[in-house]
Undergrad: 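Before anything else, here's the structure in question.
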Amino acid sequence: MTDRVEIRKIPTGIPGLDTVLGGGLPEFSFNLVAGGPGVGKTTLAHQFMFSNAREDQKAVYFTIFGEPAVKMLRYQQQLTFFDSSKINGVVRFVHLGEDMIEGGLTRVLERIRRELDASAPRIVIVDSFRSVVRAANGPLEEKMNLERFVQLLAITLTTYEATTFLIGEYLEHESQSNPVFTVADGIVWLHQTVVRNSMVRRVQVMKMRGQAPVPGLHTVKLSDDGMRIFSRLPSPVVAPAATDPSDPGRARTELKKTGIRGLDEMLGGGIPAGYSVLVAGPSGSGKTTLATQFILEGVAHGEPAAIAVFERRPRQYVKTISRGAELERLIRQDKLQLMYIRPLDLSVDETLEELHDFVAKLGAKRLVIDSVSGFELALAPSFRDDFRESLYRVLGTLTALGVTVMLTADVTDSFAELRLGPAGLSFLTDGIILQRYVEIEGSLRKVMAVVKMRGNPHSKELREYEITEKGIAVANDSLQAYRGLLTGRPVHGRAKRKGRVAVAKRSAKGKGTK
Amino acid sequence: MDRTSALQLAERIYAQAVREATTTDVAGIVKRIHEKLAQALSPMIGDAGFAAMMARTIQMARAEYPRLDGAVGFSVEPFPENLASWLEGQEPALIQAVGVALLARFLVLLSTLIGTELALRLLSPTWPDAIAYAIDSAEKL
């Protein structure tokens, strides 16, 4: 007799929750759904119940002093999962309020036992369990009684082979002293926070005996379809070995050309597949143009590609960027997908899942996120605080899919310091391509440098570039004739300039700056 | 559920109650109907929930039967004592009319709150034939 009992995991019927729970809800588990008012506790329980209730798995929903049953039925039937044909069939609602008033916990337990005997439900929900606790929250004897009640209830429901949800309005500090938190096999805590004028709901699985839930806070969305959870970490995928820049023994990585000859030279052949690269520069420096060429180059070689935009709608986006007409044509030919993520009040988890699913479904090999600033602005304010960590998760998840990600980021040019990207973000990406304005010969010109490309040899040069109708054209060689380019006011130095801008063919020979 | 449909359903339920009754006591029949109504709904909405709906029903029925003033008042009983004692002093025809009107108003209130489909589903085990007829009639419309 060495076989271990296999605990069946019941699908909750709530999109995303099974992932967060670690595969579903353990059968016959005794769970607590806690949180403040309006966070979706009842919706969670109803969605689980209606999704799972059937002839061989009946459900009983006990109400006590919480939301009156008539009102609960009135509002919950607005949700698409509510199936009134199941009521008084495989789903029964039983009110225990009078039992509680007249006979206290003992009577409530007796009534629950009677109902279990009568219909042998496999799903039991008690709403609100908090009212039971409040009713018993008197002298010491009654508190003891509550502990005993919780123990008996857990044992009774488990022996009746019921999977149970107790619903309660609890504050977090109450978990320290409440016996139900100790007895419960699982604790699902729903949170609601308001930051400025934005409200965000989150769920945390604080405990789930026998399995490993995804830790942390996950975004909750409530809509007419009920509850949906966006896990902090979408379903794990196996990362191709070549995509891990920190792995010194990795195989020679495929290099993704950007489609800009001079830049590819600077990159040592291209961007390693599965890397994330930040293209940072001031407004008008050609970040989107560079990203567009990167995408067009990929599509030209048969690679599925995608662009995620935030600030502008797709139609507007392609109309306003260099080579937008080509993108439009590729979109029509289904060779390129443009993903518009609607702005404001987004959660990182939601965006991450959307991007993850989008890339996975398309099998995209190249992805441009244009721009990081737009992404940050699209988020609800409470997610902007930990944007750096969030972006880290986004990049980690996406690059694990094998997609090469290019992000654009607006950086204010400051000649007093070298800025490699928005504060704190440059560390997160595997590579950085920096664009800057410099003053040469009395005119504003643009230079580009590959600041880093983890584990891949690359040029350290600063090269001049121009934006033409065909996109970015980078000079064949560096601006060696100048010193102090990063100050914005370079001076013509010791060596004469060897390179020329490929397109402009402008000679700088023998000329210096003031 | 509109008032006409509710009244037709209430009349059908009353007719069934008369057929099943072992007495000709009209007040007793009306009381029995409301007790069965309470039995169908109280397990779900609680005695207090049912009593609140019943009190509201009587209140609304006063527009039709002003003499019901004497029956108004909240009671935790499924069939309020005030209503029972008011009915005792009335003519059988009036008792029947008030009983049917109260049931119809209760059905309208219930369907306003939780929808006709769910309201009929909850009452179907208690009056299967009458409810089936009501559903059938509604589908034919």
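A quick note: this is a predicted structure, and the numbers were derived from the prediction, not measured. Just so we're on the same page: letters track the sequence lines, and every chain starts at 1.
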Undergrad: Arg67(B): which residues meet the salt bridge (Lys or Arg N to Asp or Glu O under 4.0 Å) condition with it, sequence neighbours left out?
TA: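 By the salt bridge (Lys or Arg N to Asp or Glu O under 4.0 Å) rule, Arg67(B) matches no residue at all.
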Undergrad: By the side-chain hydrogen bond (donor to acceptor under 3.5 Å, both in side chains) test, which pairs, at least two apart or in different chains, include something from residues 99-108 of chain A?
TA: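 Matches after skipping sequence neighbours: Asp99(A)-Arg107(A), Asp99(A)-Arg111(A), Glu102(A)-Arg107(A).
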Undergrad: Quick check: under 4.5 Å, non-hydrogen atoms only, which of residues 29-46 of chain A neighbour chain B?
TA: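 The stretch does not come within 4.5 Å of chain B.
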Undergrad: CG of Asp117(A): more than 12 outside heavy atoms within 6.0 angstrom?
TA: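 For Asp117(A), atom CG is crowded (more than 12 foreign heavy atoms under 6.0 Å).
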Undergrad: Nearest 0.5 Å please: distance from the CG atom of Leu113(B) over to the NZ atom of Lys71(A).
TA: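 The NZ atom of Lys71(A) is 10.0 Å from CG of Leu113(B), to the nearest 0.5 Å.
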Undergrad: Rounded to the nearest 0.5 Å, how far apart are CG of Leu41(B) and CZ of Phe93(A)?
TA: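 With rounding to 0.5 Å, CG (Leu41(B)) is 13.5 Å from CZ (Phe93(A)).
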Undergrad: Can you tell me if Arg74(A) uses its side chain to pair, donor with acceptor, with the backbone of Gly115(B) under 3.5 Å?
TA: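 Flag not set: sc Arg74(A) to bb Gly115(B) has no pair under 3.5 Å.
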Undergrad: Is the closest side-chain heavy-atom distance between Met53(B) and Val70(A) below 4.5 Å?
TA: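 Yes, close enough: below the 4.5 Å cut-off.
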Undergrad: Determine the sole option in Asn88(A), Val94(A), Thr63(A) for which the side chain to side chain contact (heavy atoms under 4.5 Å, CB included) test with Met44(B) is passed.
TA: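 Only match with Met44(B) under side chain to side chain contact (heavy atoms under 4.5 Å, CB included): Asn88(A).
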Undergrad: Which residues in residues 76-87 of chain A have a heavy atom less than 4.5 Å from any heavy atom of chain B?
TA: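 Counting heavy atoms that sit under 4.5 Å from chain B, the residues of residues 76-87 of chain A involved are Gln77(A), Phe82(A), Ser84(A), Ser85(A), Ile87(A).
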